[in-house]
Structure formats: C-alpha cells, structure tokens
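Down below is the structure, laid out as structure tokens.
On a predicted model such as this, the values are computed, not experimentally measured, just so you know.
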Amino acid sequence: MAEPRRLSSLADEPAHVAAVEAGIVMRQAPLHAMVTLRGNAGDPVFLSGVREITGCDIPTDPCRAAMTTDHAVLWMGPDEWLVVAPPEAGTDLRQRLRDRLGDDRTAVVDVGDALAIISVGGPRARDLLAKGCTLDLHPRTFRPGHCANTLLAKAQVTLHQVDAAPTFSVFVSRSFAVYLWRWMLDAGLEYGVQVLQD
Amino acid sequence: MFLIECPWCGPRDETEFSYGGEAHIARPVGGGHDMTNAEWGHYVFHRTNPKGLHRERWVHSHGCRRWFNVVRDTVSHEFLLIYKPGEKPDLPALPKSPEPPDGPGR
C-alpha cells in the first residue's frame, strides 16, 4: 500500500486563470503628419486638389471624415478640415498641398507637432468615452466615418470613429496628451485596459 | 445644463459653447471718426438688456468654432430660434408661459 501523500488543500486548483479579455485597448498612434486646411468647399479646383494629394473626397457634411488606407480628411468646420497622413509624409504634406492649392484662397498649416493621437478601441471603448464626453456615441448616431470636435474629460479633442469594432482616434493637443492618457487609463480600469506598444 | 443646436454640428451640450453678447450691433460706418464721445459710449457699452426675447451671439468654441445667432427668452432661458451669421429672421411669437411669481430681487 502506497504511502499516503500530503497534499495542499489548493492542489487541485488550476495553476492559471485565463486572462480576462480587456474591455479597452489603447495605443499611442505614431507621429502622423497633420495639416489644418482651410478653403472653399464650393470650389472644384480646391476639391480636386485635395483629392489628388490625399485620395479623399473632402467631406462637406458636418462631422464626417473621409478615409483611405493611409490618409484621412476630417471635417472641422464649414471651411476647415484636418488632413492626416502617415508619419513618413512629414512636413512634405503641407508643402505638397500648398503647391497644389496655391495660397491666395486656401490656408495650409502644419499642426503635426501640435496634436497627439490616442487610439482607443475594444468592446467597452464607448463606455470609457461616455464617462467624460457629453456626445451621444451610440451607433445609431455616431458611426465609423463620423468625427466631432468636443470635450473629453474637459480637454478639447477631436473624436474620429475609425471602424465598427469600435475603434476611435482621439486627437488632442500634445500638452493635454499625458493628462488625457492617464485619465483614460484610470477611467478604463474597471473594464481592463490593454496598452499596445508599436 | 441643456442642449444647444449648433447650425452646423447639431445638438451639443451647453459646455461646448460660449456666449458673445447682444447680436446685430453694427460697427460705426466709416470708422466713426466724427462720432462724439457719447455716441462711442453708446456703441461700446449700451445694450438693450430686455426681459423677454433677446437676439444674441454664441460661439461653438469647443466644436466647430463658428459663431451664430440665437433668439433667447431671457425670462425662461429658452432658445427659440437659432440662425447663421448674415441671416436675421423675424422674432418668433413669445410662447405663452405663466409669469413667474415675484420673488426677492425682482
């Protein structure tokens, strides 16, 4: 007869508990090239120029964004847009737009160093944003391709819903970025936050 | 706290807006070089300050940053009309609401 073994009272408990799926996925977006563009949406030369450089049809409806795989044009006002291009476009983006559009009826300003982009997604992303934002982000009113300038935790931001996951890009002044990042980490704590590194 | 209908962005929270004073105050024609001090004082400082309908300017400062005009009832704080710059629609009929009872300071 085998010698009885001493066993821990917890010996049958599994050694690992499956990680709870994070409700929030946050990522610091790379340093995109960004340009504030002002011009006349009724001017066909302006529209075709922007399409040529970005591949996007300028959104003339309020709070809409146009996207290609690498460019985005966000409505900021009736005569103002934010053009976002991949990091490698650099300051070249402003120059290319200015060369194409001229500067007597348009304004092209490089804001790539002024803004940071925080990407926030995951099944609870809307719940997190709703904690600090008065905008109705329910999919019946805010969908992929929508964008809005609004306040998030009292910081002025531009929200852009990128896909239906949902994933949002949050554009914020770089001086507010650390504050907002930490606010989001804290607000997302109850849902579980996964921070992706590039 | 209430919703204000930005002529471009649609209904947004009051916190996104700033108040800009009375609307439709025309600048002095030709720079006002021959205006008297009294006339300047009137232009700069005098406002109608009505009890009731008031045309005033608001700006969607944390949204599209555009100015627009509203007609607000200064008694009920109700926004009755919202219109873009360059427009000036007639004043709407004042909705019939019971006069609030007189209280201290009124």
>> Can you tell me how far apart CD (Glu80(A)) and CZ (Arg65(B)) are? Round to the nearest 0.5 Å.
In response: 4.5 Å
> What residues, two or more places apart in sequence or in another chain, satisfy side chain to side chain donor-acceptor pair (under 3.5 Å) together with Glu52(A)?
Replying inline: Arg100(A)
> Taking the side chain as C-beta and beyond, is there a heavy-atom pair between Pro78(A) and Arg66(B) under 4.5 Å?
Replying inline: yes
> Can you tell me if CG on Leu47(A) sees more than 12 non-hydrogen neighbours from other groups inside 6.0 Å?
Replying inline: yes
> Got more than 12 heavy atoms from elsewhere within 6.0 Å of CZ, Phe176(A)?
Replying inline: no
> Nearest 0.5 Å, what's the CG-CG distance between Asp13(B) and Asp136(A)?
Replying inline: 12.0 Å
> For Thr15(B), is it the side chain, the backbone, both, or neither that has a heavy atom closer than 4.5 Å to a heavy atom of chain A?
Replying inline: both
> Where is the tightest heavy-atom contact between Arg12(B) and Thr150(A), given as atom of each residue plus distance?
Replying inline: NH1-CB, 4.1 Å
> Which atoms form the tightest heavy-atom contact between Leu151(A) and Glu16(B), and what is the distance?
Replying inline: N-OE2, 4.2 Å
>> Looking at every non-hydrogen atom in both residues, tell me the closest pair between Cys64(B) and Gly77(A) and how far apart they are.
In response: CB-CA, 4.1 Å
> Are Ile24(A) and Phe142(A) in one and the same hydrophobic cluster, where Ile, Leu, Val, Met, Phe, Trp and Tyr link if side-chain heavy atoms are under 4.5 Å apart?
Replying inline: yes
>> Counting only heavy atoms from other residues, nucleotides and ligands, does the tally under 6.0 Å from NZ of Lys154(A) exceed 12?
In response: no
>> Would you say CZ of Phe45(B) has more than 12 non-hydrogen atoms from neighbouring residues, nucleotides or ligands within 6.0 angstrom?
In response: no
> Heavy-atom distance under 4.5 Å to chain B: side chain of Leu135(A), backbone, both or neither?
Replying inline: side chain
